[in-house]
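Encoded as structure tokens, the structure appears first; notes follow it.
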There are 2 protein chains.
Amino acid sequence: MAATLTERRLFILKIVIQEFVETATPVASEMLVRKYGLGFSSATVRNELATLEDLGYLTHLHTSAGRVPTDAGYRFFVENLMERTSLSLAEQRMIRHQFYQVRGELDQWIQLAGAVLARTAQNASLVTPPRAEHLRFKNLELIGIHETMVLAVLVFHGGIVKQQTFSPDTARSAEDLRRSAGRISDHLADLTISQVEDVIAHDAQQLAPLFGDFERGVIDMVIHAMQTFEEQAREQIHSDGLLEMLSQPEFIPSLTRDDAERAVERLRRALEILKSGRGFGQLIPQALASEGVQVIIGGEHSEDEMREYSVVLARYGVGGTVTGVLGVIGPTRMAYPRSISTVRYISSLMSNLLGDLYAGETRPHVEGGQ
Amino acid sequence: MAATLTERRLFILKIVIQEFVETATPVASEMLVRKYGLGFSSATVRNELATLEDLGYLTHLHTSAGRVPTDAGYRFFVENLMERTSLSLAEQRMIRHQFYQVRGELDQWIQLAGAVLARTAQNASLVTPPRAEHLRFKNLELIGIHETMVLAVLVFHGGIVKQQTFSPDTARSAEDLRRSAGRISDHLADLTISQVEDVIAHDAQQLAPLFGDFERGVIDMVIHAMQTFEEQAREQIHSDGLLEMLSQPEFIPSLTRDDAERAVERLRRALEILKSGRGFGQLIPQALASEGVQVIIGGEHSEDEMREYSVVLARYGVGGTVTGVLGVIGPTRMAYPRSISTVRYISSLMSNLLGDLYAGETRPHVEGGQ
DNA sequence: CCTTAGCACTCTCGTACTGTGAGTGCTAAA
DNA sequence: TTTAGCACTCACAGTACGAGAGTGCTAAGG
């Protein structure tokens, strides 16, 4: 039972997994011998395969089919067998160039990160916007659109901007609006929601002369906007690369009836997972609390719907304050080395970009730097 | 040959289409007689069906299958047979309520419009943001994030906001930034891109004393930002409701082999169409130039990839200046009355909402108004 | 002339059966 | 310990067949 993992067995396990990842078909003993010019016969390989199966790293779908890695097999591969590579310098340069094209536009970074992850890892990707735990107010601008409509531009620390229109009870001049905005900005500068609420609650008397009905209304709106914005931010997950993932063989039905049916079902499920974000909901906070690249393989997920998928995640951001999560999701049969190096590279790239937005924070250096 | 369209034939055509839209299975003569209590036999119906087939409104997949509408059949139905309904008041109220929840947030309107269209019409939806043909500058705000990083908030007419960060060569105080922003805002107010360019090119001498290197740099950035923003806006198509569309029977494979395969293929195609926006690219400008609800059915599309789909589109917006397009896309077997009334309602709702943002423009009144 | 009952014909769909090929597991010998 | 040999298993594709649905046509009836 308790067979040992000889050098040869490790090697066979490794090539079985690599082979399966590449071809998506169960791998046979004979084939390994031929393709890799192994110095021993297929019967020997079969014996080894049987042992690896006993150890739980491989399985059989049915008696006369080739071997397929189990989740445990992938886990072992990721932990002990695969070589840690980096993206090629050419790829790195190309990616950096794309980010350079949209310099200065945070929203675009996120979109681009998703697109690049998907294309590079040939799987779906997910990116959450970088967010501080709590929004910190920085500045408010009020711009009259017409007599009864005002555009409020709220700026928060970290270059986060939110716009919101509202119609005040009484018309106000541009000058009035500017003054009001200035007064409010001065008083709320650098505060979080709860601090804003505190200030308003406690200093009501002192503020009364400065803040009329209009200003009170605006502040209420600011609080409301910050609250909903924080809530949205917590849940917001950009996903991309659906098509890339769907071009994986798992989703391309062979000619047999039930496989086609299963493929459609898988497809629909995958869609639901990506669209709703259910399935990796809990993964995000978990990843936010970790360092380095996280890999969650198939059955290791806590949700059933995810047990056919693996996720490669990494935190990115500056220091411990403004962070987001990005990663790749795909079938458990995934090119882990590539996914991992992609996620690692993009996350450090994004960290660097964000670093430029924040002064005085520690700034990790990206491989092959910018 | 040149058979006439008697009252009875029209009625039969109508119920055939309604039946097929509802059940997604070819409709048989016997079944019509039973279900609709027709006063004549199935043989008679068969004769009539044959005539309608001669006229090009129906087809046969093979000899012994029920009738299926052709594109021409749907077209005739939409034009002459279907009764124009409106969404129920309850639905209208529910939808208005949802929009009320996100009042003041233009981005959310678009997202919500897409979601509501999809859910109500049970198909995919597409929405382009409302855009003026040309951005018109309104206001610029410069906010220092730290010594070497400045956040620029550009506000355009129509409440459109764009943010952009950049790092100036030399550090500047908050007061400096405000003054620069003010000067630039004053000079560029209400201008389009080309006008901005003109001003800069022609008034170089006069402006020289006011605008130093820093201001020139900022203005260049503003021009660049406006350009890319306009380009992006032209191409931007939000789509939603992929899942709703995919729950249509067209995408749910029956148990037969080739059908399953075809379903997967359809699915993949649909995805590509929605993701890339190819396929209805030309439809958008076309819809922008038209009034009312446009229906494009199957083979009427100019692209082959779209010939299995129908699109129901409408322009929305204020006057002729700030407009967008929204609509529904799904299999040609579509509940046209419902899709059309949904699109009609949402488009007038969006027009109304936008109307509040623009003073002095004509403002069409939405059914059951807000 | 329109309607309809009757019936033959066509085509799909599901099932059952079969041969083939790939690949394993085991055994016995080297 | 390795390996040749072989029986065994199982998916897969092709074929055949019966059942069922629905049409188209024809001939009779109003």
Side-chain angles (χ1 to χ4, degrees), chain A residues 3-4 6-9 11-12 15-16 19-20 23-54 57-69 249 252-263, chain B residues 3-9 11-12 15-16 19-20 23-54 58-69 249 252-263:
Chain A
T4 48
T6 64
E7 202 65 29
R8 191 171 68 183
R9 282 175 189 151
F11 178 68
I12 289 178
I15 61 177
V16 166
E19 212 35 50
F20 182 70
T23 63
T25 34
V27 352
S29 53
E30 179 68 29
M31 191 264 232
L32 286 181
V33 174
R34 258 188 296 121
K35 182 151 174 183
Y36 288 85
L38 266 33
F40 33 88
S41 78
S42 65
T44 308
V45 175
R46 278 201 291 281
N47 286 331
E48 299 290 54
L49 290 176
T51 310
L52 287 167
E53 190 164 342
D54 284 346
Y57 295 137
L58 298 176
T59 354
H60 257 179
L61 301 196
H62 41 268
T63 325
S64 85
R67 290 321 204 287
V68 164
I252 296 178
S254 69
L255 300 176
T256 105
R257 164 158 68 272
D258 12 346
D259 189 47
E261 219 174 321
R262 238 175 294 151
Chain B
T4 48
L5 275 172
T6 63
E7 203 65 30
R8 192 171 69 183
R9 282 176 190 149
F11 179 69
I12 289 178
I15 61 179
V16 166
E19 208 42 45
F20 183 69
T23 64
T25 34
V27 351
S29 54
E30 179 68 29
M31 191 264 231
L32 286 181
V33 174
R34 257 187 297 119
K35 184 153 171 183
Y36 288 85
L38 264 34
F40 33 87
S41 78
S42 67
T44 307
V45 175
R46 279 201 291 281
N47 286 332
E48 298 292 55
L49 291 176
T51 309
L52 287 166
E53 189 165 344
D54 285 345
L58 297 177
T59 355
H60 254 182
L61 302 195
H62 38 270
T63 326
S64 86
R67 290 322 201 289
V68 166
I252 297 179
S254 68
L255 302 176
T256 105
R257 163 156 75 273
D258 13 344
D259 189 50
E261 218 174 319
R262 237 174 293 151

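Every value quoted in this text rests on a predicted model; they were computed, and no experiment measured them. In what follows, chains are A, B, ... by sequence order, proteins preceding strands, each numbered from 1.
Taking atom CD of B/E48 as the reference point, atom C1' of C/dC1 lies 14 Å away to the nearest angstrom. As a whole-Å value, the separation of B/E19 CD from D/dG22 P is 12 Å. Counting to the nearest Å, the P atom of D/dA21 and the CG atom of B/L49 are 19 Å from each other.
Partners of A/T51 by side chain to side chain donor-acceptor pair (under 3.5 Å), not counting sequence neighbours: none found. Looking at residues two or more places apart in sequence or on another chain, you find no side chain to side chain donor-acceptor pair (under 3.5 Å) involving B/R34. Every side chain to side chain contact (heavy atoms under 4.5 Å, CB included) that B/L5 has, sequence neighbours left out, goes to B/R9, B/L10, B/L52, B/L55, B/Y57, B/F76. Looking at residues two or more places apart in sequence or on another chain, you find no side chain to side chain donor-acceptor pair (under 3.5 Å) involving A/T63. Residues passing the side chain to side chain donor-acceptor pair (under 3.5 Å) test with A/S41 are A/T44, sequence neighbours excluded.
Between B/F40 and B/E48 the shortest side-chain heavy-atom distance does not fall below 4.5 Å. No side-chain heavy atom of A/T59 sits under 4.5 Å from any side-chain heavy atom of A/L61.
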Per-nucleotide pairing state of DNA chain D [Watson-Crick or G-U, under 3.5 Å; [ ] pseudoknot-crossing; | other strand]: ||||||||||||||||||||||||||||||
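Separating the CE atom in A/M31 from the OG1 atom in A/T23 is a distance of 5.5 Å, to the nearest 0.5 Å. Rounding to the nearest 0.5 angstrom, the gap separating the CD atom in A/E53 from the NE2 atom in A/H60 is 5.0 Å.
Of all nucleotides listed (D/dT23, C/dT24, D/dT2), C/dT24 comes nearest to the side chain of A/A28. Listed candidates were D/dT23, C/dG25, C/dT3. Nearest to the side chain of B/S29 is D/dT23.
Residues of residues 58-69 of chain A that place a heavy atom closer than 4.0 Å to DNA chain D, in numerical order, are A/H62, A/T63, A/S64. Residues from residues 31-42 of chain A that place a heavy atom under 4.0 Å from any atom of DNA chain D, listed by number: A/F40, A/S41.
Screening A/L49, A/I12, A/V27 against A/L58 for a side-chain contact (heavy atoms from CB on, under 4.5 Å) leaves a single residue, A/L49.
A/S29 and A/S42 get closest at one heavy-atom pair: CB-O, 3.6 Å. Taking both residues in full, the closest heavy atoms of B/P249 and B/A24 are given as CG-CB, 3.7 Å, listed atom of the first, atom of the second, then distance.
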Polar atoms only, N or O, under 3.5 Å: list the protein pairs with nucleotides 25-30 of chain D and their distances.
none

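Listed by first and then second residue, the salt bridge (charged side-chain N to carboxylate O under 4.0 Å, His left out) pairs involving residues 35-47 of chain A are A/E19-A/K35 (not counting sequence neighbours).
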